[in-house]
Amino acid sequence: MTDFGFSLSKSSVVDIDRTDTALYRRLCELDRTAASCMSCGSCSATCTASSYSGMSLRKVLHGLQRGEDVRPMLRCCMLCGKCTMVCPRGINTRHVLLTIAKIYD
């Protein structure tokens with residue numbers, strides 16, 4: 001058999017019907033602007049912590065939507081506010097992150 005330098009990987013399909021989105025729904029109740037995020041990546045591009053830790057508000061919101069535990073990523077945020085300044089939707093990202101932390105407590 002010929003090896004072409006690639007292999008099949010496990011499917012990355014997310015079964016939304018089986019995903020627990022309770023934390024994301026709770027976030028959207030407490031801060032409606034979180035639902036208006038369009039995942040453009042502006043926050044990730046300007047994030048100081050991103051280059052060192054992989055922190056990204058975009059990843060945090062996606063993780064919540066997928067029912068993942070995002071607490072380790074929240075600990076990396078320095079709350080510098082750069083992401084708030086560049087958000088095209090005007091989302092107060094600090095408030096969103098602090099609200100997520102409050103939900104976990």
Side-chain angles (χ1 to χ4, degrees):
M1 193 164 179
T2 306
D3 180 15
F4 293 104
F6 63 91
S7 63
L8 297 177
S9 58
K10 182 181 168 194
S11 174
S12 60
V13 174
V14 177
D15 187 357
I16 295 180
D17 293 330
R18 293 185 179 185
T19 302
D20 182 16
T21 60
L23 290 175
Y24 181 73
R25 285 179 293 170
R26 179 76 178 131
L27 171 65
C28 292
E29 289 171 8
L30 296 172
D31 189 341
R32 296 184 188 270
T33 62
S36 65
C37 177
M38 61 182 177
S39 299
C40 67
S42 296
C43 57
S44 303
T46 61
C47 181
T48 305
S50 178
S51 58
Y52 299 107
S53 65
M55 166 60 193
S56 165
L57 178 64
R58 187 171 142 253
K59 287 181 185 178
V60 169
L61 291 176
H62 280 244
L64 283 178
Q65 289 170 345
R66 294 177 179 167
E68 299 170 1
D69 184 12
V70 297
R71 282 179 281 197
M73 204 175 307
L74 291 178
R75 293 185 192 111
C76 298
C77 180
M78 299 186 298
L79 295 173
C80 66
K82 288 181 182 179
C83 48
T84 301
M85 293 188 299
V86 299
C87 180
R89 294 277 172 107
I91 297 171
N92 184 347
T93 55
R94 282 189 211 175
H95 186 262
V96 170
L97 288 168
L98 291 172
T99 304
I100 294 168
K102 186 169 56 170
I103 290 171
Y104 276 114
D105 289 338

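Looking only at side-chain heavy atoms (C-beta outward), Cys40 and Pro88 come within less than 4.5 Å of each other. Here the side chains of Lys59 and Leu64 are not in contact, with every heavy-atom distance at 4.5 Å or above. Using a 4.5 Å heavy-atom threshold, the side chains of Ser42 and Cys83 count as separate.
Looking only at atom types and distance, the side chain of Ser56 has no donor-acceptor partner in the side chain of Ser50 under 3.5 Å away.
Between the NE2 atom of His95 and the OG1 atom of Thr84 there is a distance of 11.5 Å, given to the nearest 0.5 Å. Interatomic distance, CD1 of Ile100 versus CZ of Arg26, reported as 13.0 Å (0.5 Å rounding). Considering CG of Leu57 and SG of Cys37, their distance stands at 6.0 Å, rounded to 0.5 Å. Taken to the nearest 0.5 Å, the CD1 atom of Ile103 stands 4.5 Å off from the CG atom of Leu27. The NE2 atom of His62 sits 8.5 Å away from the OH atom of Tyr24 when rounded to the nearest 0.5 Å.
Contact between Thr48 and Cys80 at its shortest, heavy atoms only, is OG1-SG, 4.3 Å. Across all non-hydrogen atoms, the minimal contact from Leu61 to Ala34 is CD1-O, 4.2 Å. Cys76 and Met55 get closest at one heavy-atom pair: CB-CB, 3.9 Å.
Without hydrogens or angle criteria, Arg25 side chain to Thr21 main chain gives a donor-acceptor distance under 3.5 Å.
Hydrophobic clustering, with ILVMFWY side chains joined whenever heavy atoms are under 4.5 angstrom apart, keeps Val86 apart from Met38. Put simply, Leu23 and Leu30 are part of the same group of oily side chains (I, L, V, M, F, W, Y) that touch within less than 4.5 Å, one to the next.
The stretch residues 79-101 participates, sequence neighbours left out, in no salt bridge (charged side-chain N to carboxylate O under 4.0 Å, His left out) pair at all.
Residues satisfying the side-chain contact (heavy atoms from CB on, under 4.5 Å) test with Thr33, not counting sequence neighbours, are Asp31, Ser36, Ile91, Val96.
Applying the 6.0 Å contact sphere to OH of Tyr104 captures more than 12 heavy atoms from other residues, nucleotides or ligands.
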